[in-house]
Amino acid sequence: MSGCDRRFFLKSTGLALVAGGFLPRVFVRMASASEIGASRRVLVAIFQRGAVDGLNVLVPYGESAYYAARPTIAVPRPGSSGRAALDLDGFFGLHPSLEELVPYFRDRSAAFVHAVGSPDATRSHFDAQDFMESGTPGVRTTRDGFLARALEGTNVRTPSALRAVAISPQMPRILAGSSGAVAMRNLQGFGLRGVGDRDGTAKTFEAMYDDAVAGTLRATARESFDALRAVQGANPSGLPPENGAVYPRSPLGNALRQIAQLIKSGVGLEVAFTDVGGWDTHAGEGGGEGQLANRLRDFGAAIAAFARDLGSRMSDVTLVTLSEFGRTVRENGNRGTDHGHANVMLLLGGGVRGGKVYGRWPGLAAASLYEGRDLAVTTDFRDVFAEILARRMGVADFSKVFPGFACDPARRLGAIA
Amino acid sequence: MERRAIHRLLSAAAAAAITTSVLADGTLVPLDVHECALHTLNRLAFGPRPGEVDRVVGMGVTNWIEQQLHPNRIGDAAVEAKLAAFPTLHMSSAELVAQFEVPLLEARKQVKAERAADNGGGDAAPGADAARIGELIPPEKRPRRILEEMTQARLVRAVSSERQLNEVMVDFWMNHFNVDARKGLDRIFIASFERDVVRPRIWGRFEDLLLATAKSPAMLVYLDNARSAADAEHRPPAFGRNRAAAAGKGPTGLNENYARELLELHTLGVDGGYTQTDVTELARVLTGWSVALPRTADAPRAMNRAGRPGRFAAPEPDPGTFFFRERLHDVGTKTVLGHKFGGNGGVEEGEAAIRMLAHHPATARHLAYELCRRLVADDPPPGLVERVAARFLATNGDLTETVRAVVLSPEFFDPRTYRAKVKSPFEYAVSAVRAAGGSTDGQGLGREVADMGEPLYLCQPPTGYADTSDAWVNSGALLARLNFALALTSGRIPGTEVDGRALPLAGNARAIEAGAEKLVGANVSADTVRTITQRLGASPDADDLAASTELLAGLLLGSPEFQRR
């Protein structure tokens, strides 16, 4: 049911008075596996927590100011000896640790957006992540996440119990809200852990909650047991990687492997989220090799394995990465970088008009820098998500997804077909 | 309603022990005395322990409430003894800094030096630095220990303290003045925040509580006031205008974060009638309110401006205490909500502004609404909110009197409020242990509360956790609740034990019904009993009485009835 339909439905039946606008799940028919089919589109978001250094991920090697600002941690120009940047378009080069992503850029299934970020000036990880996930930079009191709000407006008429999954110990802020998102550490652990006859126990709980007074508890219990059944029925955790894909044995590799399993098992996933840390490189960041290079190797390998594993299914899957802010242009006294402003995002998969670096490049000349030190934001991260959500997920109304932000289609990058 | 009238109402209910609830035609039937006692224990305590409903009925519900409104008159030696197991609970911020923060700073320096000596400081294998620091500082010496012990202590108190209403209100006020222990040095300051700032003031005047939070290092760090500074043209002349800014050292401008939340969350409320200008002006009033920070052992305890005597050269106080940095304070004139402050009012003008906010009518309404939402209903009766706000203003913000106005109101005992709230993760976990006659050291229990989605001391936004059920009930969290109930009754939560005698014995439907009343409190639906009876009858473990008893108790504590309070 789209947001619009739902509002009409509530008005026309007088149900708007139900429990503060909460729509009991009983009125939303759950999709069966056959209705879900295999063609549902999926958005996969990966949050790089800690502020990845976008200038060393997608290197503006054509700009000498980059090398002047980073005497010891710059990634060498393409063609230099050692671990040099991998040229993408004659100006930008990819960090050599992300080598496995280059073929996807070449075959136009991957693109980057540079100088993208949140307009808020904060350099606090804490606040910036919060602002990004709530989708309301500068507003601290937003309780739910923008992907949760976006789910209210997708064109899916029969939402699945597993429409939104975070592979995460707690519900991440970006999916917090009443969209029915499920957070799980891993697929195997999602279920009742009782001793003895677990199915019997689950059925007993389900019957008890079905008999309960209508309201949040009963509705949530339905979602939970539907999700539980969906996971058990599809048994996604038994699905092996395909096409020779090998995931790194890392938290990100494990998370992406499980997201691929959910997609392949056709349980009706629409949005998947996971996060990966270790990007806060204040000291000893390294250039072509070193600390950041090691983190990026895992990052690139996990994403490449995901794309290889899904193969042709990637045409239904759009993967996007985000990070709370970028890092200073100039390296600091500890051969690292401090908290900055604009950053880079990766777009990969279905609908991506790849082979291109999007966004207006503001340059690294002193006069172009934000507050005299950081890469300036020329693309608001909300415009990137709005384009994906509109073009791929059928979201039409952004007034609730990004309140207070005028989502002007004229500003869109044209990165999504 | 007058207290006498409440007494009459309660004794009338006792005399005619009648059935509960809202009838099909909408008629309200008053709660009987057992229900009043159960309701009171569900709202003003973390649920009843075995036999406690009868005890409260015996002493009289209002007598119990009166006693709870004065926690200092209630002995709590057993819990105090248990808390001795948590050494960090009793250490000052300065001691915690010395024991947990300084060694970490020094270890980092050492590792950096080692790496520089090894390979020029550039490339370290991922995690190598962390692993080396791990060698130097074992986990029990990490700041994380403070958070763990605080979480344990909160759970021990909530489960076992006789001062139950006090623990309920600590939970309320810690949430009202939320601080996320992940933000910078709040991993240290959070301990003093609860112990020295919040706990001693929740039954006194709101003004004192508010002012203490405003000066607390925890809040100053969490909401960034510690790094807020006057614009250069409003700096005190004695320090040389533009000097700090030109040197590129220290904070260089205004940070409105705290001022905004002070108005929006702590006092007036979002509809409290303030403007963006009020936020900015209040932030200017509060510039210079900051924290003395820890240093490594070899760093000098710096003077503000080395070598210059006089009032500006006072050494910084102990790390982790309030410190008014006069050189950052805005000496211009400011106007907040029509009240003028400055020229140079120093720290006093901020104190005056906070007192003014503490007594504002919008603050009274905002606090009254929040208290009624916590203690009465998700959508509290407006008439009650108005009366509670009036009581707050009439008593000069006396928090004991304000809470009394909520809990001795007819609305509190209205049948429509009976079991109308869904328990928060914390309330649910604690009430289950109490119902099962259990005890805890809080360790495993703390992880369970986190698994249900609301880890203690780690709520990121300054709003705190929502106080309405729609926010905390979600799929993963509900499964976590059911898993918790099963784990609790089968003894699989480390450090938490239940009392087998408190659990109902599995048997026929009648026995289950009686056991259910005993464990859950009251009003387990016939449907629930029937469902559980079928499950136990069909169980392959049916012959194993111990297993059946554990399962029965797990099903009951996981039941929809027990999710409510």
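Below, chain A is the first sequence line, B the second, and so on; all start at residue 1.
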message: For the OG1 atom of A:Thr204 and the CG atom of B:Leu551, what is their distance to the nearest 0.5 Å?
response: 7.0 Å
query: With sequence neighbours left out, what residues match A:Asp338 under side chain to side chain contact (heavy atoms under 4.5 Å, CB included)?
result: A:His282, A:Thr328, A:Asn332
- prompt: Are the side chains of B:Thr463 and A:Arg140 in touch, meaning some heavy atoms are under 4.5 Å apart?
  reply: no
message: If I measure from the heavy atoms of chain B, does A:Asp298 come under 4.5 Å with its side chain, its backbone, both, or neither?
response: neither
message: Just so I know, are the side chains of B:Gln563 and A:Tyr209 near enough to count as touching, which here means a heavy-atom distance under 4.5 Å?
response: yes
task: Report yes if some heavy atom in the side chain of A:Met208 is under 4.5 Å from a heavy atom in the side chain of B:Ile532; otherwise report no.
output: yes
CA sep, side-chain torsions, deciding dist, call: B:Val422, A:Leu217, side-chain contact (heavy atoms from CB on, under 4.5 Å): CA-CA 8 Å; B:Val422 177; A:Leu217 277 174; 4.2 Å; yes
message: Distance check, rounded to the nearest 0.5 Å: B:Arg481 atom CZ versus A:Phe205 atom CZ?
response: 12.5 Å
field: Test ring pair (Phe, Tyr, Trp, His ring centres under 6.0 Å) applied to B:Tyr457 - qualifying residues, sequence neighbours left out
entry: none
Distance in Å, B:Ser559 OG paired with A:Asp211 CG, rounded so as to fall on 0.5 Å steps: 11.5 Å
field: Least distance between heavy atoms, A:Gly191 atom then B:Asn483 atom
entry: O-ND2, 2.9 Å
Proximal component of B:Arg530, with respect to chain A [non-hydrogen, under 4.5 Å]: side chain
- prompt: Given the rule in the side-chain contact (heavy atoms from CB on, under 4.5 Å) test, do B:Arg535 and A:Thr201 qualify, once you have shown the distances and angles that lead to the verdict?
  reply: CA-CA 7 Å; B:Arg535 167 71 178 95; A:Thr201 304; 2.9 Å; yes
message: Contact between B:Leu479 and A:Val182 at the side-chain level, heavy atoms closer than 4.5 Å - yes or no?
response: no
query: More than 12 heavy atoms of other residues, nucleotides or ligands under 6.0 Å from CZ of A:Arg373: is that the case?
result: yes
message: Quick one, B:Lys183 and A:Asp127 - any side-chain contact, counting heavy atoms below 4.5 Å?
response: yes
- prompt: Roughly how far apart are B:Gln534 CD and A:Lys203 NZ, rounded to 0.5 Å?
  reply: 13.0 Å
task: Could you tell me which of B:Asn255, B:Leu265, B:Asp224, B:Asp180 has the largest number of non-hydrogen atom pairs under 4.5 Å with chain A?
output: B:Asp180
task: Please round to the nearest 0.5 Å and tell me the distance separating atom CD of A:Glu206 and atom OG1 of B:Thr531.
output: 11.0 Å
field: Contact winner vs chain B - A:Gly200, A:Ala207, A:Ala212, heavy-atom pairs under 4.5 Å
entry: A:Gly200
